[in-house]
Amino acid sequence: MERIAVIDFETTGLSPNSSCRATEIAVVMLENGRIVERYQSLMNAGVRVPAFIEQLTGISNAMLRTAPSAERVMEEVNEFVGCTPLVAHNASFDQKFWDFELGRIKRTRLQNFACSLLLARRLMPAAPNHKLGTLTTFARLPHTGQAHRAMADAEMAANLMAHLADELRSKHGVRELSHDLLCKLQKVPAAKVSEHLQRYR
DNA sequence: TGCCAGGCCCTCTTTAGGGCCTT
């Protein structure tokens, strides 16, 4: 599969607006199942981190006071990602924040997002649930650090993505794996996944 | 004042409701 960028945001809430913004971003570049490059930064968007979120992520208001501005970080990470296809766990969440934070620096996303949550629901139906941590344990993938920090979660999602790619090759006989295939597969009804994948054998 | 995410996915469904998943 071509190089893909696996992304994870920490934020102050669930949906971006004037008081709900990103606090940290991490991106890892995955090539042939291996992480080959990393970008990670806290980002100061000038909003207050609620106590609940400080507790959840460990990212405090004090930490963000000395962090680079959200604008500067987004310029850097947008340069780092370029037009590399994107992946995230529950991508609809990260896509909202990626598009919102990019929009604030007058940039537009050029590539699609694939979603490891939607793919795992189709390819790992026996998992107890499809939370990132549960899937990591279920598939016996390495622990990557403190959950709910951007780099640990991005690495977990990248390891999961590599595992899903292995499953597609070994269990479904897919020969040519591409980001485009993943984007199509994540929309196929679960019951029709095997039938859909026959065209890629 | 009152609002307070939203797309996916299952089912006791489709003229709907509610759990899952992300912070």
Side-chain angles (χ1 to χ4, degrees), chain A residues 4-28 40-64 67 70 73-74 77 86-104 109 112-139 141 143-161 163-164 182-196:
Chain A
I4 57 174
V6 184
I7 185 172
D8 187 79
F9 274 109
E10 302 306 317
T11 71
T12 63
L14 293 172
S15 196
N17 58 49
S18 58
S19 61
C20 179
R21 298 285 301 279
T23 56
E24 187 178 45
I25 187 169
V27 180
V28 300
Q40 180 271 328
S41 182
L42 290 168
M43 46 201 286
N44 184 350
V47 297
R48 180 151 193 86
V49 183
F52 163 69
I53 298 290
E54 278 194 354
Q55 189 84 11
L56 179 71
T57 65
I59 298 170
S60 67
N61 286 290
M63 288 162 69
L64 292 184
V73 172
M74 288 307 297
V77 72
L86 288 160
V87 171
H89 195 71
N90 198 15
S92 65
F93 173 85
D94 292 280
Q95 183 180 320
K96 279 188 298 188
F97 281 92
W98 180 257
D99 289 350
F100 184 88
E101 296 293 349
L102 265 195
R104 292 185 57 90
R109 174 166 52 91
N112 289 325
F113 268 88
C115 176
S116 56
L117 167 65
L118 296 181
L119 291 166
R121 279 180 178 158
R122 286 159 177 76
L123 299 172
M124 299 171 69
N129 62 57
H130 295 88
K131 293 177 184 176
L132 184 55
T134 303
L135 291 168
T136 293
T137 303
F138 184 73
L141 301 173
H143 289 277
T144 55
Q146 185 192 348
H148 293 299
R149 286 302 300 264
M151 181 53 79
D153 284 2
E155 288 186 354
M156 260 196 287
N159 291 336
L160 174 62
M161 208 49 249
H163 174 76
L164 293 171
L182 300 177
C183 289
K184 289 191 171 83
L185 183 61
Q186 69 189 15
K187 296 176 185 169
V188 173
K192 300 210 168 186
V193 163
S194 290
E195 180 188 330
H196 177 84

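Computed from a predicted structure; not experimentally measured. Lettering follows sequence order; numbering is per chain, from 1.
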Novice: Salt bridge (Lys or Arg N to Asp or Glu O under 4.0 Å) with A:Glu155: which residues, sequence neighbours excluded?
Specialist: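 For A:Glu155 the salt bridge (Lys or Arg N to Asp or Glu O under 4.0 Å) partners, ignoring immediate neighbours, are A:Arg38.
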Novice: With C1' as the reference atom in both, quote the distance from B:dC4 to B:dT23 in angstrom, rounded to an integer.
Specialist: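 To the nearest whole Å, 15 Å.
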Novice: Send over the distance from A:Arg21 CZ to B:dA5 C1', rounded to a whole Å.
Specialist: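 Result: 17 Å.
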Novice: Tell me which residues in residues 9-19 of chain A lie within less than 4.0 Å of DNA chain B, going by non-hydrogen atoms.
Specialist: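 Result for residues 9-19 of chain A: A:Phe9, A:Glu10, A:Thr11, A:Gly13, A:Leu14, A:Ser15, sorted by number.
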Novice: Quick test of your reading: applying salt bridge (Lys or Arg N to Asp or Glu O under 4.0 Å), list the pairs with at least one residue in residues 115-130 of chain A, sequence neighbours left out, ordered by first then second residue.
Specialist: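 Sorted pair list comes back empty.
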Novice: So which of residues 186-194 of chain A are in contact with DNA chain B, with a heavy-atom cut-off of under 4.0 Å?
Specialist: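 Residues of residues 186-194 of chain A under 4.0 Å from DNA chain B: none.
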Novice: Identify all pairs in which a protein N or O lies below 3.5 Å from an N or O of nucleotides 16-19 of chain B, and state each distance.
Specialist:
none

Novice: Does A:Arg149 reach a base, just sugar-phosphate, or nothing at all? Heavy atoms under 4.0 Å.
Specialist: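 Nothing, no nucleic acid heavy atom in range.
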Novice: In whole angstroms, how far is the C1' atom of B:dT22 from the CD1 atom of A:Ile53?
Specialist: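 Rounded to the whole Å, the gap is 11 Å.
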Novice: Would you kindly give the CZ-to-P distance between A:Phe138 and B:dC21, to the nearest whole Å?
Specialist: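 That distance rounds to 13 Å.
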Novice: B:dT23 C1' sits how many Å from A:Glu24 CD, rounded?
Specialist: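 For the pair A:Glu24 CD and B:dT23 C1', the rounded distance is 12 Å.
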Novice: Taking only side-chain N and O atoms of A:His130, does any of them lie within less than 4.0 angstrom of OP1 or OP2 on B:dC20?
Specialist: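 For A:His130, the contact criterion (side-chain N or O under 4.0 Å from OP1 or OP2 of B:dC20) is not met.
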Novice: Calculate the interatomic distance between A:Leu117 atom CG and B:dC8 atom P; express it in whole Å.
Specialist: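 About 11 Å, once rounded to whole Å.
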Novice: Nearest 0.5 Å, please: how far is CG in A:Leu14 from CZ in A:Phe97?
Specialist: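 Between A:Phe97 CZ and A:Leu14 CG, I get 7.0 Å after rounding to 0.5 Å.
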Novice: What residues in residues 89-99 of chain A put a non-hydrogen atom under 4.0 Å from any atom of DNA chain B?
Specialist: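 Under 4.0 Å from DNA chain B: A:His89, A:Asn90, A:Phe93, A:Lys96.
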Novice: Determine the minimum heavy-atom distance between A:Met43 and A:Leu64, stating which atoms define it.
Specialist: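 Reported closest heavy-atom pair: O-CD2, 3.7 Å.
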Novice: Search all heavy atoms of A:His89 against all heavy atoms of A:Asp94 and return the closest pair with its distance.
Specialist: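 The pair with the smallest heavy-atom distance is O-OD2, 3.7 Å.
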